[in-house]
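In what follows, every chain begins at residue 1, and chains take the letters A, B, ... in the order their sequences are listed.
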Number of protein chains: 2
Amino acid sequence: MERAGGNDPSAGGEEPELLSDQIRNVLTDEIASGALPPGMGLDEQELANRFGASRTPVREALRQLAVTGLVEIRPRRGVIVTQTTPERIMEMFEMSAEIEAMCVRIATYRITPIERGRLIEMHDASEALVQRSDIDGYDKFNREFHEVIYGATHNAFMAEQALTIRNRLKAFRRTQLRHGSRLARSREEHEAILNAIAQGEGDEASRRMRAHMLNAASAIGRYIATQTRKDV
Amino acid sequence: MERAGGNDPSAGGEEPELLSDQIRNVLTDEIASGALPPGMGLDEQELANRFGASRTPVREALRQLAVTGLVEIRPRRGVIVTQTTPERIMEMFEMSAEIEAMCVRIATYRITPIERGRLIEMHDASEALVQRSDIDGYDKFNREFHEVIYGATHNAFMAEQALTIRNRLKAFRRTQLRHGSRLARSREEHEAILNAIAQGEGDEASRRMRAHMLNAASAIGRYIATQTRKDV
DNA sequence: ATTGGCAATTTTGTATACGATATTGACTTT
DNA sequence: AAAGTCAATATCGTATACAAAATTGCCAAT
């Protein structure tokens with residue numbers, strides 16, 4: 001999606017940060033983090049006051065979030081944080097798993113030695129994180145690991161889409177790797193994937209990636225099943 | 001993307017059509033159809049005059065289109081229709097092919113007899129369209145055919161995403177099936193896919209779908225390669 | 001003739017204003 | 001007492017107003 005869902009203040013061009021963009025980014029984070037829970041109504045004037053701005057940039061931000069699906073706009077009835085049912089969350093996780101599987105399959109056939117080297121290097125370094133049970137550190141590594149794979153598809157559009165979907169799931173992945181055991185398992189799965197890549201077995205890498213993603217998702221799924229029951 | 005890129009005036013709820021939504025839909029179509037060519041600047045006041053509205057709803061529409069990637073906003077420097085390079089178009093086609101392949105694979109394992117019956121029925125009816133060389137008719141059938149497959153994944157989120165990507169490629173698929181021969185070939189490929197589905201061979205259906213999509217894309221690719229060279 | 005800088009103009013980004021629709025609460029009626 | 005109706009209020013959608021930044025055109029200087 002271009003620089004869309006974009007928290008992308010990089011891109012050398014040195015573009016000015018518009019108020020509406022800042023507001024959009026803050027709201028994105030707050031929704032993803034759960035600070036603004038699903039179903040909560042978002043009053044334009046109220047948000048405007050909070051940000052010290054007028055309704056105009058707030059409105060623009062909300063409209064953009066609606067395209068992403070983060071909020072829902074009912075004409076003349078206000079904006080609410082999208083209520084995501086457990087079923088839909090599971091659908092999103094499945095989609096995410098399939099996308100990752102797709103990416104790794106293509107990446108297997110196109111990855112360069114340099115990229116593969118970087119993956120292996122990152123993977124090696126991750127062992128220390130597991131032993132330290134450094135959850136936040138592993139989380140960061142994990143994200144980068146998957147992003148390198150996106151890049152190795154050498155299809156920028158695909159990489160963007162994959163990242164967009166992954167980001168969209170961030171809100172629900174929050175509670176994910178909170179067990180050290182999952183950390184170690186995750187790393188083993190990464191290794192299995194890397195082996196398949198090294199042997200040029202795209203389909204096998206794809207299957208292992210799908211399993212990897214669904215393993216991660218199932219833990220969350222059990223949590224969500226109990227957690228979101230309240231507002232369904 | 002929810003009801004995002006959404007020309008979706010259905011959804012029983014009977015929501016009022018906002019000016020900003022109407023403008024967004026019109027602009028979407030005009031960009032997709034090429035009436036607003038890539039690189040063209042979009043002046044807010046000018047558009048407002050054209051639609052007999054003020055700048056406010058026009059701005060909201062443009063901001064939403066930017067999220068989709070149809071237009072590009074350079075802060076304080078105006079809005080232009082996104083310049084899509086031939087490379088990127090090919091990337092989008094590849095992504096589309098992979099998504100379709102992914103969907104049909106999952107659909108193979110989950111499709112209901114009723115859904116399969118509908119696919120076969122549509123496929124049978126399409127023979128007449130081929131013989132008549134009814135390109136527009138076949139185009140419509142083709143879209144529905146693929147949408148039924150999306151639905152058969154029984155993953156609404158996946159179906160939405162697939163449709164969003166497909167719609168986004170509409171602009172570049174315009175010149176596609178302009179040869180009767182491609183029409184017949186397309187139908188044969190559909191049949192091969194249906195056979196794989198019938199036998200429960202998800203991976204095979206997936207491969208055939210990928211080939212089907214890439215066949216369609218390659219014809220366009222050759223066209224685009226010559227056509228878009230002007231503005232690169 | 002070309003390039004550099006400056007002023008005028010245009011256009012964007014944000015703020016404010018206004019009309020219309022939905023929501024809320026009280027009151028009446030059964 | 002419960003339900004329906006109507007008025008008051010609040011909030012949304014759009015229009016207009018204003019300030020800041022970028023583009024454009026002109027003039028001068030090399």
Side-chain angles (χ1 to χ4, degrees), chain A residues 2-4 6-9 11-28 31 36 39-67 70-83, chain B residues 2-4 6-9 11-28 31 36 39-67 70-83:
Chain A
E2 224 64 17
R3 46 173 315 143
N7 312 351
D8 184 10
E14 185 83 19
E15 288 175 351
E17 264 275 279
L18 301 183
L19 241 183
S20 53
D21 286 352
Q22 294 181 37
I23 293 173
R24 176 165 51 75
N25 289 337
V26 172
L27 289 179
T28 299
I31 292 173
L36 297 175
M40 166 169 275
L42 301 177
D43 185 89
E44 294 179 359
Q45 187 61 54
E46 202 173 298
L47 290 173
N49 296 341
R50 225 194 90 192
F51 289 108
S54 75
R55 276 177 56 217
T56 307
V58 171
R59 273 183 66 84
E60 289 189 351
L62 290 175
R63 293 321 232 259
Q64 291 179 289
L65 294 179
V67 174
L70 278 181
V71 304
E72 203 170 323
I73 296 180
R74 287 119 11 124
R76 300 187 187 282
R77 298 186 53 206
V79 178
I80 61 172
V81 179
T82 299
Q83 300 251 20
Chain B
E2 225 65 19
R3 46 173 315 146
N7 313 351
D8 183 9
E14 183 85 19
E15 289 177 350
E17 263 277 278
L18 302 182
L19 240 183
S20 53
D21 286 352
Q22 293 180 38
I23 294 173
R24 176 167 49 76
N25 289 335
V26 171
L27 289 180
T28 298
I31 292 173
L36 297 176
M40 166 169 275
L42 300 177
D43 184 88
E44 295 179 357
Q45 187 59 57
E46 200 174 301
L47 289 172
N49 296 339
R50 224 194 91 193
F51 288 108
S54 75
R55 276 177 55 215
T56 307
V58 170
R59 273 182 67 85
E60 288 188 353
L62 289 176
R63 295 317 234 260
Q64 291 179 287
L65 293 180
V67 174
L70 278 182
V71 304
E72 203 172 323
I73 295 180
R74 289 121 7 127
R76 300 188 188 280
R77 298 188 52 206
V79 178
I80 61 172
V81 178
T82 298
Q83 300 251 22

**Q.** Where B:Ala53 and B:Leu19 come nearest, the two heavy atoms and their spacing
**A.** CB-CD1, 3.9 Å

Could you pull out the protein-nucleic contacts involving nucleotides 6-10 of chain D (nitrogen or oxygen on both sides, under 3.5 Å)?
none

(Q) Working note: B:Arg24 + B:Leu65, criterion side-chain contact (heavy atoms from CB on, under 4.5 Å); need CA distance, chi angles, decisive distance, verdict. (A) CA-CA 7 Å; B:Arg24 176 167 49 76; B:Leu65 293 180; 3.8 Å; yes

Q.
Rounded to whole Å, how long is the line connecting atom CD of B:Glu44 with atom C1' of D:dA22?
A. 14 Å

Q) Any donor-acceptor pair under 3.5 Å joining the side chain of A:Arg63 to the base of D:dG13? A) no

**Q.** Contact boundaries on DNA chain C for chain A, cut-off under 4.0 Å to non-hydrogen atoms
**A.** C:dG13 to C:dT23

Q) Nearest nucleotide by nearest heavy atom, which residue falls closer to the 5' end of DNA chain C, A:Arg76 or A:Ser20? A) A:Ser20

Q.
Whether B:Thr56 contacts D:dT14 is assessed here as follows: a side-chain N or O lying under 4.0 Å from the phosphate OP1 or OP2. Is that the case?
A. no

Q) Does B:Arg55 place a side-chain N or O at less than 4.0 Å from the phosphate oxygens OP1/OP2 of D:dT16? A) no

(Q) So which atom in B:Asp21 and which in B:Glu17 form the shortest heavy-atom distance, rounded to 0.1 Å? (A) CB-OE2, 4.0 Å

**Q.** Heavy-atom closest pair, residues B:Ile73 and B:Leu62
**A.** CD1-O, 4.1 Å

Q) Do A:Arg63 and B:Gln64 get their side chains close enough for a donor-acceptor pair, meaning under 3.5 Å? A) no

**Q.** Rounded distance (Å) that lies between atom C1' of D:dC12 and atom CD of A:Glu60
**A.** 16 Å

Q: Of all the heavy-atom pairs spanning A:Ile80 and A:Gly41, show the shortest one and how long it is.
A: CG2-CA, 4.0 Å

Q: Starting at atom CG of A:Leu18, determine the distance to atom C1' of D:dA22, rounded to an integer number of angstrom.
A: 13 Å

Q: Report the distance from atom CZ of A:Arg59 to atom P of D:dC12, rounded to the nearest whole Å.
A: 8 Å

Q: Provide, to the nearest angstrom, the distance between the CD atom belonging to B:Glu17 and the P atom belonging to D:dT14.
A: 10 Å

Q | Heavy-atom pair with the smallest gap, counting every atom of B:Ala61 and B:Ser20 | A | CB-O, 3.7 Å

Q.
Ignoring hydrogens, what is the shortest heavy-atom contact between A:Leu36 and A:Val81? Give both atom names and the distance.
A. O-CG1, 3.9 Å

Q. Looking at side-chain heavy atoms only, is the closest gap between A:Leu47 and A:Glu44 below 4.5 Å?
A. no

(Q) Without decimals, in angstroms, what is the distance between B:Gln45 CD and D:dA17 P? (A) 12 Å

Q: Rounded off to whole Å, could you give me the CZ-to-P distance for the B:Phe51 and D:dT14 pair?
A: 13 Å

